Amino acid sequence: MHVEQKDGQDSPVDLIVDRKQFCFQRKLRLTKPAEFKRVFSNPLKSSDRYLTVLYRPNKLVNPRLGLAIPKRNIRRAKDRNRIKRLIREIFRTQQWEIGSFDIVVIAKPQANSCGSVDLSESILSHFKKLWLQKACDA
RNA sequence: CGAGUUGACUAGACAAUCGCUGUUUCGCCUUUGUGGUGGAAUGGAGGAAAGUCCGGGCUCCAUAGAGCGGGAUGCCAGGUAACGCCUGGGAGGUGAAAGCCUACGGAAAGUGCAGCAGAGAGUAGACCGCCUUAUCUCUUCUUGUAAGCGAUAAGGUAAGGGUGAAAGGGUGCGGUAAGAGCGCACCGCGCAACUGGUAACAGUUGUGGCAUGGUAAACCCCAUCCGGAGCAAGACCAAAUAGGGAGGCAGUGGUUCGCCACAUCGUGUUGCUCGCACGGCUUCCGGGUAGGUCGCUUGAGAUAUACGGUGACGUAUUAUCCAGAUGAAUGAUUGUCCACGACAGAACCCGGCUUAUCGGUCGACUCACCUU
RNA sequence: UGGGGAAUCGUCUAGCGGCAGGACUGCGGACUCUGACUCCGCCAACCAAGGUUCAAAUCCUUGUUCCCCAG
């Protein structure tokens with residue numbers, strides 16, 4: 001945890017915000033089991049038919065995304081890949097709208113049966129909720 | 001041109017923008033580290049990546065030991081690192097043909113199993129039958145050692161009927177009281193010799209005379225092969241926490257001071273037994289969870305050519321490096337075109353098999369029709 | 001990702017080549033003034049597809065689904 005805070009302080013924040021780039025690098029992801037555990041332990045929830053989104057404010061300037069697509073819910077590897085790509089792409093394009101949150105997206109079995117349009121709308125609505133929360137906090 | 005068989009190849013294309021990730025390289029920052037960050041170049045899922053059904057490499061474990069047990073394979077020859085795979089051949093089945101399919105060793109080594117039905121289910125058997133003889137009853141007329149119907153008894157049979165999944169060679173002729181491999185011919189089967197073939201096997205000739213039914217994906221026998229676990233294997237760096245790891249010596253009795261014998265339970269050796277190792281004391285020092293690094297992609301590689309081989313494949317030369325992530329990369333948006341895009345996503349790596357699959361391209365062959 | 005196991009009426013289970021049995025549930029009846037308990041009867045299944053066998057839930061092969069273990 002200590003290390004991450006440091007990173008946040010040191011990163012050249014203003015530079016990136018000015019450029020408004022839509023990259024999706026390693027620091028925008030949850031990488032370690034401990035980080036995942038932190039989100040799961042005391043989360044705020046938002047869910048619908050397709051997805052459950054757990055989130056928690058972090059102390060960084062950027063949001064971070066973690067994906068949990070269980071094999072139990074979505075059986076075939078190609079479908080799991082498709083859903084992951086979809087979520088990642090939307091996160092990438094919307095990352096400046098979302099505040100400083102650690103987000104874990106969990107897929108439900110229905111996520112496979114619906115089309116990609118429905119799924120992307122669902123993701124967008126979840127992220128909008130986050131944005132509203134950020135506004136309230138502000 | 002139609003119907004079919006078979007062997008290969010392919011798996012939307014192009015352009016723009018925004019992204020992910022490996023490698024190389026150039027800047028900048030820096031806590032100087034295999035760091036962070038920005039740019040450039042370049043690479044980035046499959047024919048099945050899947051199932052995990054086989055085989056191998058690689059790594060560790062154990063005295064990589066022995067025996068028993070267990071498992072796998074099963075026509076012959078070859079290929080291969082190896083295989084349960086492939087190629088060629090044989091045999092059997094199937095199709096009009098090209099072709100396709102086959103767990104295809106042994107039932108005269110042994111033990112079993114076959115419910116019900118049926119006379120009888122494996123040292124065969126006799127229900128209805130057929131035939132003979134004896135006795136009895138009756139009928140006929142030629143009045144008999146007659147012929148015939150029926151009953152009983154004693155035999156001979158297995159042609160026919162019936163049972164069953166299966167009834168102890170098949171068909172025909174002779175033969176007979178009726179029958180029967182009883183005899184003969186052909187077919188099948190067994191044995192022997194010869195010929196061809198590396199062999200499986202095939203052919204020819206002779207001979208036997210039915211003896212040898214089915215089931216081995218029942219036990220089993222024969223031949224060949226198999227130690228176990230798996231990259232979450234394993235190696236290294238290392239907060240925390242906990243006490244461990246390596247080397248040396250040996251208890252009791254005897255003693256010729258070299259050694260020998262005894263003690264005896266537990267644990268391990270992933271089925272069992274034998275065998276083997278560990279346990280006590282002392283000396284020395286590191287130990288290794290979170291996390292990270294390596295293993296991690298140059299290989300029984302791929303491409304092309306030549307040669308050898310019927311072929312699987314092998315040999316030689318040439319040229320080349322072709323995913324390597326670690327919450328896990330190939331996507332998104334827009335435009336154009338068409339046949340409107342199936343099955344589906346690498347996680348240590350190869351060789352197969354099996355299963356899923358919208359289509360497209362090329363080659364070879366068979367049959368039918370038409371034209372010449 | 002690797003390894004291991006299972007599948008039998010609606011549910012839980014027995015069955016190791018020869019008619020698939022039991023319990024609970026369901027339905028019908030009996031008992032009772034009625035209900036429960038009890039008794040009797042009925043319905044209902046071998047995960048799928050091939051193969052071996054005269055005969056397969058059982059033996060073999062392939063597939064499907066589910067569960068467990070290793071962080």
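Note that the structure is predicted; figures quoted are calculated from it, not measured. Each chain gets a letter, A, B and so on, in the order its sequence line appears, and its residues count up from 1.
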Practice item. Would you mind reading off the distance between A/E89 atom CD and B/U333 atom P, rounded to a whole angstrom? Key: 8 Å
Check your understanding: Is there any salt bridge (charged side-chain N to carboxylate O under 4.0 Å, His left out) pair reaching into residues 123-133 of chain A, and which pairs are they, with sequence neighbours excluded?
Key -> none
**Study point:** Closest non-hydrogen atom pair between A/R64 and A/R29, with its separation
**Key:** CD-O, 3.8 Å
Review point. Atom CD1 of A/I103 to atom C1' of B/G327: distance rounded to whole Å?
Key: 15 Å
Exercise for review: For nucleotides B/G161 and B/A167, find the distance between their P atoms and express it as a whole number of Å.
Suggested key: 13 Å
Check your understanding: Taking the chi torsion of B/G181, is it syn (within 90° of 0) or anti (everything else)?
Key -> syn
Revision key, fill the gap. Judged by whether its glycosidic angle lies within 90° of 0, B/C138 is anti
**Study point:** B/C201 and B/C104, which share atom name C1', separated by this distance in whole Å
**Key:** 13 Å
Review point. Paired with B/U267: which nucleotide, if any, by Watson-Crick or G-U wobble criteria at under 3.5 Å for both distances?
Key: B/A277
Review point. What integer distance in Å separates A/I123:CD1 from B/A332:C1'?
Key: 12 Å
Practice item. Could you let me know what B/G206 is paired to, Watson-Crick or G-U wobble, both distances under 3.5 Å, or none if it's on its own? Key: B/C191
Check your understanding: Excluding sequence neighbours, so at least two apart, what forms side-chain hydrogen bond (donor to acceptor under 3.5 Å, both in side chains) with A/D79?
Key -> A/R76, A/N112
Revision key, fill the gap. When rounded to whole Å, the CD to C1' distance for the pair A/Q94 and B/A332 reads 13 Å
Review point. Using purine N1 to pyrimidine N3 plus N6-O4 or O6-N4 for Watson-Crick, or N1-O2 and O6-N3 for G-U wobble, both under 3.5 Å, which nucleotide pairs with B/A15?
Key: B/U334
Exercise for review: Pick the P atom in B/G36 and in B/C294, then give their distance to the nearest Å.
Suggested key: 13 Å
Check your understanding: Which residue pairs pass the ring pair (Phe, Tyr, Trp, His ring centres under 6.0 Å) test with at least one member in residues 46-75 of chain A, sequence neighbours excluded?
Key -> A/Y55-A/F101
Review point. For the pair made of CZ in A/R92 and P in B/A332, what is the distance, rounded to whole Å?
Key: 11 Å
**Study point:** Rounded P spacing from B/C321 to B/A11 in Å
**Key:** 23 Å
Study note, to complete from the structure: From CG of A/L86 across to P of B/U330 the rounded distance in Å is 13 Å
Review point. A/K45 and A/L54: which non-hydrogen atoms are nearest, and at how many Å?
Key: CG-CD2, 3.3 Å
Check your understanding: Taking the same atom, P, in B/U34 and in B/C60, what whole-Å distance lies between them?
Key -> 29 Å
Exercise for review: Would you give the length of the straight line joining atom CD1 of A/I90 to atom CD1 of A/I123, rounded to the nearest 0.5 angstrom?
Suggested key: 3.5 Å
Exercise for review: Could you give the distance separating B/C58 and B/G351 at their C1' atoms, to the nearest angstrom?
Suggested key: 15 Å
Exercise for review: Using a 90° cut-off around 0 for syn, call B/G47 syn or anti.
Suggested key: syn
Practice item. Give a yes or no on whether a salt bridge exists between A/R56 and A/D102, defined as a side-chain N under 4.0 angstrom from a carboxylate O. Key: no
Just the atom pairs and distances: protein N or O near nucleotides 344-349 of chain B's N or O, under 3.5 Å.
unit_1	atom_1	unit_2	atom_2	d
B/A344	OP2	A/R76	NH1	3.2
B/G345	OP2	A/K78	N	3.4
B/G345	N7	A/N81	ND2	2.9
B/G345	O6	A/R85	NH1	2.9
B/G345	O6	A/R85	NH2	3.3

Review point. If we call it a pair only when both distances are under 3.5 Å in a Watson-Crick or G-U wobble match, what pairs with C/U11?
Key: C/A23
Exercise for review: Round to a whole Å and report the spacing from CG of A/D102 to P of B/G327.
Suggested key: 15 Å
Study note, to complete from the structure: side-chain contact (heavy atoms from CB on, under 4.5 Å) filter on A/S47, not counting sequence neighbours, yields A/T52, A/K108
Practice item. Can you tell me the pairing partner of B/U42 across any strand shown, Watson-Crick or G-U wobble, with both distances under 3.5 angstrom? Key: B/G22
Check your understanding: Rounding to the closest angstrom, what is the interatomic distance between B/G99 and B/A121 at atom C1'?
Key -> 43 Å
Point to revise | Pair partner, B/U139 [Watson-Crick or wobble, under 3.5 Å] | key: B/A147
Nucleotide N/O of nucleotides 47-50 of chain B paired with protein N/O under 3.5 Å:
none

Review point. If you take all heavy atoms of A/L51 and A/H126, which pair is closest and at what distance?
Key: O-NE2, 4.0 Å
Review point. Glycosidic conformation of B/A263, syn or anti, with 90° from 0 as the boundary?
Key: anti
Practice item. Would you please name every residue forming a side-chain contact (heavy atoms from CB on, under 4.5 Å) with A/A68, sequence neighbours left out? Key: A/V104, A/I106
**Study point:** Phosphate OP1/OP2 of B/U21: any A/R29 side-chain N/O under 4.0 Å
**Key:** yes
Point to revise | Rounded C1' spacing from B/C68 to B/C86 in Å | key: 37 Å
Revision key, fill the gap. Given the 90°-from-0 boundary between syn and anti, C/U52 should be labelled anti
Exercise for review: Kindly write out the residues that satisfy side-chain contact (heavy atoms from CB on, under 4.5 Å) with A/L86, not counting sequence neighbours, or none if the list is empty.
Suggested key: A/S116, A/L119
Practice item. Look through every strand shown and name the nucleotide pairing with B/A185 as Watson-Crick or G-U wobble, where both distances are under 3.5 Å. Key: B/U171
Check your understanding: Just how far, in rounded Å, is P of B/G19 from CG of A/L65?
Key -> 18 Å
**Study point:** Residues that A/Q94 engages under side-chain hydrogen bond (donor to acceptor under 3.5 Å, both in side chains), provided they are two or more places apart
**Key:** none
**Study point:** Complement of B/A3, any strand, by Watson-Crick or G-U distances under 3.5 angstrom
**Key:** B/U366
